[in-house]
Amino acid sequence: MEKVTLKDKTFKKVIPYEAISDAIDKVAAKINKDFKNCSDIPVLLCVLNGSIMFMGELMKRLEFNCQIVSTKLTSYEGTISTGKVRQAMGLTADITGRRVIIVEDIVDSGNTIVALKDILNEKGVAESRICTLLLKPDAYKKDMKIDYVAMEIPNDFIVGFGLDYDELGRNFKDIYVLDK
Ligand code: IMP
Ligand code: MG
């Protein structure tokens with residue numbers, strides 16, 4: 001599909017699955033290099049719901065022993081960030097003392113990853129790193145280091161590959177941008 005309509009909005013294809021897949025290959029290779037021969041079992045933290053598809057693609061490329069823990073955070077209403085991050089579901093396992101790789105679909109303002117880092121520090125994790133499929137550099141206002149970025153994109157609203165517009169569009173394998 002070149003164009004999709006979700007509720008009142010039309011979106012056009014901008015990033016085909018093949019390009020997403022190549023970018024995930026590269027970011028996974030970096031993570032594999034950093035965690036090669038590690039003696040601990042790092043936790044991949046899936047930030048629901050947006051990260052589901054990225055997590056599936058990323059984890060099958062990782063070559064060290066790892067485990068998955070999930071949590072759910074929300075901040076968007078429609079195409080706008082409310083600026084407030086709410087933890088809609090707590091962590092699904094105890095991660096005290098563990099090394100954690102936060103797996104995010106997209107870093108936009110950065111509010112979500114800042115809130116997540118606070119939550120993880122409170123839980124007493126040994127270390128946390130951030131891995132995101134997408135980064136909007138023009139929207140990112142924090143100085144927190146983002147360890148692994150698969151792709152950088154302009155500051156436009158997108159859907160697909162896990163990302164949604166009012167919970168729709170997550171199932172598309174390609175990424176679509178709002179057609180203005
Ligand atoms: P941040 O807290 O502003 O960095 O936003 C992060 C969260 O907002 C992401 O995990 C997404 O769930 C959502 N989000 C940000 N930008 C987009 C977008 O362009 N499309 C869909 N969801 C987005
Ligand atoms: Mg998200």
Side-chain angles (χ1 to χ4, degrees), residues 1-17 19-20 23-24 27 43-59 68-92 100-122 128-180:
M1 298 172 292
E2 282 308 312
K3 287 200 176 192
V4 292
T5 299
L6 302 171
K7 293 168 97 177
D8 55 331
K9 298 196 192 312
T10 303
F11 298 81
K12 61 172 190 242
K13 195 191 281 187
V14 274
I15 313 175
Y17 171 73
I20 302 170
I24 299 175
V27 87
V43 169
L44 305 177
L45 180 60
C46 183
V47 188
L48 300 172
N49 290 323
S51 299
I52 286 184
M53 208 179 278
F54 177 41
M55 177 63 98
E57 291 277 333
L58 179 69
M59 65 188 288
I68 295 180
V69 173
S70 302
T71 186
K72 183 171 183 183
L73 300 183
T74 51
S75 61
Y76 258 66
E77 275 168 21
T79 62
I80 319 264
S81 172
T82 61
K84 286 191 212 95
V85 182
R86 191 172 63 86
Q87 194 175 24
M89 185 187 89
L91 295 160
T92 55
V100 178
I101 304 171
I102 298 168
V103 179
E104 259 290 22
D105 51 356
I106 186 165
V107 175
D108 181 14
S109 68
N111 290 332
T112 303
I113 53 168
V114 167
L116 254 180
K117 283 263 188 177
D118 286 345
I119 292 168
L120 297 186
N121 288 337
E122 220 168 88
S128 60
R129 299 186 191 193
I130 300 163
C131 173
T132 187
L133 174 66
L134 302 158
L135 169 68
K136 293 179 182 172
D138 296 337
Y140 188 58
K141 297 279 178 286
K142 315 283 177 188
D143 34 44
M144 185 174 281
K145 179 179 169 229
I146 307 177
D147 305 86
Y148 308 104
V149 178
M151 299 180 116
E152 295 193 349
I153 59 166
N155 196 6
D156 297 316
F157 188 78
I158 53 153
V159 294
F161 208 82
L163 291 116
D164 71 303
Y165 167 50
D166 274 351
E167 295 302 326
L168 297 174
R170 295 196 195 275
N171 53 303
F172 302 142
K173 78 182 208 310
D174 307 298
I175 290 177
Y176 294 79
V177 67
L178 192 58
D179 197 8
K180 286 176 211 154

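None of the values given here were measured: they were computed from a predicted structure. Counting from 1, the numbers follow the sequence of the chain as shown. Both counts, for ligands and for their atoms, begin at 1 and track the order of listing.
- Here the side chain of Ser75 pairs no donor or acceptor atom with the backbone of Thr82 at under 3.5 angstrom.
- Here is the list of ligand 1 atoms found below 4.0 Å of a heavy atom in Asp105: 9 (C), 10 (O), 11 (C), 12 (O).
- Of all atoms in ligand 1, numbered sequentially from 1 with element shown, those under 4.0 Å from a heavy atom of Asp164 are 21 (C).
- In terms of polar-atom proximity, Val85 is not counted as a contact of ligand 1, lacking any N or O under 3.5 Å from an N or O of the ligand.
- Closest heavy-atom contact between Leu45 and Leu120: CD2-CD2, 4.0 Å.
- Ring geometry, Tyr165 versus Phe157: the interplanar angle exceeds 60°, so the pair is classed perpendicular (tilted spans 30 to 60°).
- In this structure, Gly50 does not count as a contact residue of ligand 1, since none of its heavy atoms falls inside 4.0 Å of the ligand.
- Scored by the side chain to side chain donor-acceptor pair (under 3.5 Å) test, Lys136 finds no partners at all (sequence neighbours excluded).
- At a heavy-atom cutoff of 4.0 Å, ligand 1 is contacted by both the backbone and the side chain of Asn111.
- With sequence neighbours excluded, the residues satisfying ring-ring contact (aromatic ring centres under 6.0 Å, His included) with Phe172 are Tyr176.
- Minimum heavy-atom separation, Ala139 to Asn155: CB-OD1, 3.6 Å.
- Some N or O of Ile158 is nearer than 3.5 Å to an N or O of ligand 1, by distance alone.
- Each of the following atoms of ligand 1 lies closer than 4.0 Å to a heavy atom of Glu104: 10 (O).
- Ligand 1 has no atom lying under 4.0 Å from any heavy atom of Ile113.
- Short contacts between ligand 1 and Thr112, defined as distances under 4.0 Å to a heavy atom of the residue, involve ligand atoms 1 (P), 2 (O), 5 (O), 6 (C), 7 (C).
- Between the side chain of Lys9 and the backbone N or O of Leu178, no donor-acceptor pair lies under 3.5 Å.
- The closest approach between any non-hydrogen atom of Ile106 and ligand 1 is below 4.0 Å.
- Residue Asp156 has at least one heavy-atom neighbour below 4.0 Å for each of these atoms of ligand 1: 19 (O).
- Of the heavy atoms in Leu73, none comes closer than 4.0 Å to ligand 1.
- Distance CG/Asp108 to CG/Asp138: 10.5 Å, rounded to 0.5 Å.
- One N or O on the side chain of Asp174 and one on the backbone of Tyr17 form a donor-acceptor pair closer than 3.5 Å.
- Under a 4.0 Å criterion applied to the non-hydrogen atoms of Gly110, ligand 1 contributes the atoms 1 (P), 3 (O), 4 (O).
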